[in-house]
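Throughout, a chain's letter reflects where its sequence line sits, starting with A, and its residues are numbered from 1.
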Amino acid sequence: EAAVTQSPRNKVAVTGGKVTLSCNQTNNHNNMYWYRQDTGHGLRLIHYSYGAGSTEKGDIPDGYKASRPSQENFSLILELATPSQTSVYFCASGDHSSALYFGAGTRLSVL
Amino acid sequence: GQQVQQSPASLVLQEGENAELQCNFSTSLNSMQWFYQRPGGSLVSLFYNPSGTKHSGRLTSTTVIKERRSSLHISSSQTTDSGTYLCALEAPLSFGKGAKLTVSP
């Protein structure tokens with residue numbers, strides 16, 4: 001079973017502060033994804049990556065940056081956090097035309 | 001982007017009843033996946049099913065590519081089946097909004 005680990009699990013941040021959400025996967029998957037989940041919107045894709053050094057914009061990239069320094073790690077960065085970014089964030093990994101595996105999620109509150 | 005429509009949005013059953021959940025896609029699909037999510041929990045993959053029918057215990061997934069639809073059938077529902085079921089289309093996945101299932105004892 002693929003292992004996807006997110007940290008932190010919970011985070012409280014102040015408006016205007018910088019937040020970094022981390023994701024680590026141990027199954028050597030090429031593709032990694034960041035989603036946010038909000039009531040009424042379901043899961044929405046923020047950024048994704050096809051391999052180390054690459055990042056792509058998803059459906060709602062504004063206000064977020066991503067970094068893929070290695071095959072295993074994919075970070076989501078909020079340079080200037082805003083209350084509208086309060087949400088639950090999920091990281092996932094997988095390969096093309098194969099199942100996707102999700103982390104446990106990070107609950108972020110921006111005050 | 002790709003559009004994924006799930007139905008019904010919510011479903012309430014008595015334990016032992018069957019459930020049928022549907023996903024319809026606006027574009028041709030290459031792969032799709034069904035997930036289960038408990039309230040406040042992560043997503044667990046139930047089926048990766050780009051075409052045809054797959055079974056896992058009381059669960060059956062059927063994907064018909066030409067008709068751009070996929071279904072998830074839960075037989076003899078149990079209270080532990082309660083939660084949200086989501087379908088998603090080819091990565092980077094486009095998700096439906098989910099179907100909330102409540103099974104009462």
Side-chain angles (χ1 to χ4, degrees), chain A residues 1-7 9-10 23 25 27 29-51 54-61 66 68 74 76 87-109, chain B residues 1-10 21-52 54-56 59 61 63 65 70 72 83-101:
Chain A
E1 179 86 5
V4 181
T5 304
Q6 291 183 232
S7 62
R9 291 294 315 279
N10 294 279
C23 180
Q25 55 102 357
N27 271 58
H29 287 152
N30 289 319
N31 304 337
M32 296 186 74
Y33 309 85
W34 276 106
Y35 294 86
R36 63 178 285 176
Q37 187 175 36
D38 305 283
T39 304
H41 290 282
L43 275 152
R44 293 181 290 174
L45 181 65
I46 307 171
H47 284 289
Y48 58 101
S49 168
Y50 289 136
S54 91
T55 60
E56 307 289 338
K57 292 181 179 180
D59 298 324
I60 53 163
R68 183 87 181 270
F74 190 38
L76 186 68
S87 186
V88 180
Y89 292 84
F90 288 100
C91 174
S93 74
D95 283 326
H96 181 67
S97 295
S98 67
L100 207 65
Y101 297 90
F102 279 81
T106 295
R107 190 172 297 274
L108 174 65
S109 295
Chain B
Q2 298 162 337
Q3 295 292 319
V4 182
Q5 299 295 329
Q6 274 194 252
S7 61
S10 63
L21 308 177
Q22 298 285 344
C23 263
N24 291 282
F25 307 98
S26 62
T27 62
S28 58
L29 67 96
N30 295 315
S31 71
M32 67 80 53
Q33 201 165 350
W34 281 96
F35 294 89
Y36 168 72
Q37 184 178 33
R38 288 193 189 280
S42 185
L43 284 82
V44 176
S45 179
L46 297 174
F47 292 101
Y48 174 77
N49 186 15
S51 67
K54 292 191 175 183
H55 302 276
S56 177
L59 305 180
S61 171
T63 299
I65 296 175
S70 182
L72 177 68
T84 300
Y85 294 80
L86 301 103
C87 62
L89 189 59
E90 172 70 44
L93 298 185
S94 295
F95 280 84
K97 291 189 175 182
K100 184 177 180 181
L101 175 64

Residue among G94(A), G105(A), G103(A), A92(A) with most heavy-atom pairs under 4.5 Å to chain B: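 Top option by heavy-atom pairs under 4.5 Å: G103(A).
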Look at E56(A), H41(A), Q6(A), Q37(A) and state which one has the largest set of heavy-atom pairs under 4.5 Å with chain B.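 Counting heavy-atom pairs under 4.5 Å, the top option is Q37(A).
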Do the two ring centres, one from F95(B) and one from Y35(A), sit under 6.0 Å apart?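 Close enough - the centres of the two rings lie under 6.0 Å apart.
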All salt bridge (charged side-chain N to carboxylate O under 4.0 Å, His left out) counterparts of R44(A), not counting sequence neighbours: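 Checked R44(A) against salt bridge (charged side-chain N to carboxylate O under 4.0 Å, His left out); matches are D38(A).
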Y85(B): what forms a ring-ring contact (aromatic ring centres under 6.0 Å, His included) with it, not counting sequence neighbours?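 Residues passing ring-ring contact (aromatic ring centres under 6.0 Å, His included) with Y85(B): Y36(B).
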Chain A contact via F35(B) - side chain, backbone, both or neither, heavy atoms under 4.5 Å: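 Interface part for F35(B): side chain.
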Contact origin within Q6(B) toward chain A - heavy atom pairs under 4.5 Å: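 Neither the backbone nor the side chain of Q6(B) comes within 4.5 Å of chain A.
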Does N30(A) reach the main-chain N or O of D95(A) with its side chain, forming a donor-acceptor pair under 3.5 Å?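 Judged by distance alone, no pair lies under 3.5 Å.
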